[in-house]
**Q** 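Got a structure here, written out as structure tokens. Questions coming.
So that the names make sense, note that chain A is the first sequence line, chain B the second, and so on, each numbered from 1.
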Protein chains: 2
Amino acid sequence: MSKRNAILAAATRLFSRNGFQGTAMAELSTITGAATGTIFHHFKNKEDLFLHVLKDVKESVLEQFDRHQQTCRNQKGIEMVEGVIAFYLHLAGTMEDQFLILHRHYPYQMAETSMVCRSHLESIYTCLLDIFEEEIKKGMQDGSIAVDSPRKTAMVLFAMVDGIVRLNTYRVYDAGTLYDSLITACRRLLTGGR
Amino acid sequence: MSKRNAILAAATRLFSRNGFQGTAMAELSTITGAATGTIFHHFKNKEDLFLHVLKDVKESVLEQFDRHQQTCRNQKGIEMVEGVIAFYLHLAGTMEDQFLILHRHYPYQMAETSMVCRSHLESIYTCLLDIFEEEIKKGMQDGSIAVDSPRKTAMVLFAMVDGIVRLNTYRVYDAGTLYDSLITACRRLLTGGR
DNA sequence: AAACCAACCGAATGATCGGTCGGTTTTTAA
DNA sequence: TTAAAAACCGACCGATCATTCGGTTGGTTT
């Protein structure tokens, strides 16, 4: 693996575990074996490095969901929604670092000054909400889903699923056993109970 | 206001806006007009200061909810749930700094090493989940709510509401118009659609 | 009035931070 | 083969960080 990629990989882990300000370039240097000069040769400063990490996060998350979307056509809308929720929970486990970065407060703070940062975050959320919305619309057509506003329902649904992932990450309560309740809630929310 | 309280108030704002590592004791000194020596006279170090801030957050949040619980008895379970959700959203606005601290990742990281921190966080979440659970149980008795597990439903419900508050805080999407959808979702989730 | 004490001050300290720079090695391409 | 370019190195820099410490103040107790 090239030094550049090693730096990106290690930075992803450090930024997610220790946050932006909690991550020292010197530590990154130690872990990767790259001199500090090398890091600043590839990335013009710490913020630039973070932006590249976020870009990678965006690309891998979007790729994962695009791939998932292609493997499950020809289902009823509500089944597809349940499928994407299960996939979201699955990803939260396999891409723990990437999700943790998105759950930290720093990126959203940086987004207020950095357009690049903002656009990465918007890409991710737009993609996710679009998927939810499209599947809800499909469910409304095939009769498996009945709601007022697809977009708003998508946002509430996403907030619920992502909230569960957070509860799990923070380890204040064990939300690992909540999968069944989450799916039940989702189904009730989308069908109105039938 | 005593210097000690001024320090606590300013620290609450700085910790919530800039995070733990992003808050400099020197800035705290400038804002409050207290010498750095004075800060360290009242709090033995930065972490200790943070712990006292978190303690205040816990106490004010718990007090608010206790007070709210006393003003709305004699309602049906589902109405009480909807009431506490509305109150939660209301508090997220009036106690913005306190909620933001709880939405940051740092406290949960500190909770892994500091028992004091962990117990503050647990107090808050236990209180909130207990309220949701109690009201769901009440609704099950008066027939306004029908779910399988009150506790798990409480957690899913809480994750949903808190997720909406986060979406709002992060300003990636305007979740301010989601109140009606949230209540609708809540009602469907609790009644199964009747 | 003497002794005491908590609140308060701010200069000083050593560690650590992000970032630079001059130079060396490796890769690329002609 | 060679020259230019890209990758890489690590000592070094000034700024900033949390924390310390010797000393002052004003009120209370003895």
**Q** Calculate the interatomic distance between A:Leu28 atom CG and C:dG18 atom P; express it in whole Å.
**A**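 Rounding to the nearest Å, CG of A:Leu28 and P of C:dG18 are 10 Å apart.
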**Q** For the pair made of CZ in A:Phe40 and C1' in D:dC12, what is the distance, rounded to whole Å?
**A**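 So the CZ-C1' distance, A:Phe40 to D:dC12, works out to 14 Å.
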**Q** Between P on C:dG18 and CD1 on A:Ile7, what's the gap in Å once rounded to a whole number?
**A**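 Spelled out: CD1 on A:Ile7 to P on C:dG18 is 14 Å.
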**Q** DNA chain D: A:Thr36 or A:His41, which has the more 5' nearest nucleotide?
**A**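 Per heavy-atom nearest nucleotide, the more 5' residue is A:His41.
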**Q** Once you round it to whole Å, what is the distance between P of C:dG18 and CZ of A:Phe50?
**A**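 Result: 14 Å.
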**Q** Hey, does B:Thr23 reach any base, or is it just sugar-phosphate, or nothing, if we go heavy atoms under 4.0 Å?
**A**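 Here B:Thr23 touches the backbone only, sparing every base.
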**Q** Between the base of D:dA18 and the side chain of B:Ser29, is there any donor-acceptor pair under 3.5 Å?
**A**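 Answer is no: no donor-acceptor pair is held.
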**Q** What's the closest nucleotide to the side chain of B:Met25 if the choices are C:dG18, C:dC9, D:dT19?
**A**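 The answer is D:dT19.
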**Q** Do any side-chain nitrogens or oxygens of A:Thr38 fall under 4.0 Å of OP1 or OP2 in D:dC9?
**A**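 Checking D:dC9 against A:Thr38, a side-chain N or O does come within under 4.0 Å of OP1 or OP2.
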**Q** Parallel, tilted or perpendicular: which one describes the rings of B:Tyr88 and B:Phe65, with boundaries at 30° and 60°?
**A**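 Tilted, since the angle between the ring planes falls between 30° and 60°.
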**Q** Are any of the side-chain heavy atoms of A:His105 and B:Leu100 separated by less than 4.5 Å?
**A**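 In short, these two side chains touch, coming nearer than 4.5 Å.
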**Q** Picking from C:dA7, D:dT20, C:dC9, which would you name as closest to the side chain of B:Lys3?
**A**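 Closest of the options to the side chain of B:Lys3: C:dC9.
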**Q** Please report the distance, rounded to the nearest Å, between CZ in B:Phe20 and P in D:dA18.
**A**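 From B:Phe20 CZ to D:dA18 P: 8 Å.
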**Q** Over how many whole Å does the gap from A:Leu49 atom CG to C:dG19 atom P extend?
**A**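 Those two atoms, CG and P, are 10 Å apart.
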**Q** Quickly work out the B:Arg4 CZ to C:dA7 C1' distance and round it to whole Å.
**A**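 Roughly 12 Å, once rounded to whole Å.
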**Q** Could you state the NZ-C1' distance from B:Lys44 to C:dA7, rounded to the nearest angstrom?
**A**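 Answer to the nearest Å: 19 Å.
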**Q** Is the shortest side-chain N to carboxylate O distance from B:Asp162 to B:Arg166 below 4.0 Å?
**A**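 Yes, charged N to carboxylate O under 4.0 Å.
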**Q** Shared ILVMFWY cluster between B:Ile145 and B:Val161, side chains joined below 4.5 angstrom?
**A**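 Same hydrophobic cluster.
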**Q** Of the options D:dA18, D:dG10, C:dG19, whose atoms approach the side-chain atoms of A:Ala35 most closely?
**A**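 Of D:dA18, D:dG10, C:dG19, D:dG10 is nearest to the side chain of A:Ala35.
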**Q** Does the A:Lys46 side chain pair with the main chain of A:Thr23, one donor and one acceptor, at a distance under 3.5 Å?
**A**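 Confirmed, A:Lys46 side chain pairs with A:Thr23 backbone.
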**Q** Base, sugar-phosphate, or nothing for A:Gly22, non-hydrogen atoms under 4.0 angstrom?
**A**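 The residue A:Gly22 makes no contact with any strand.
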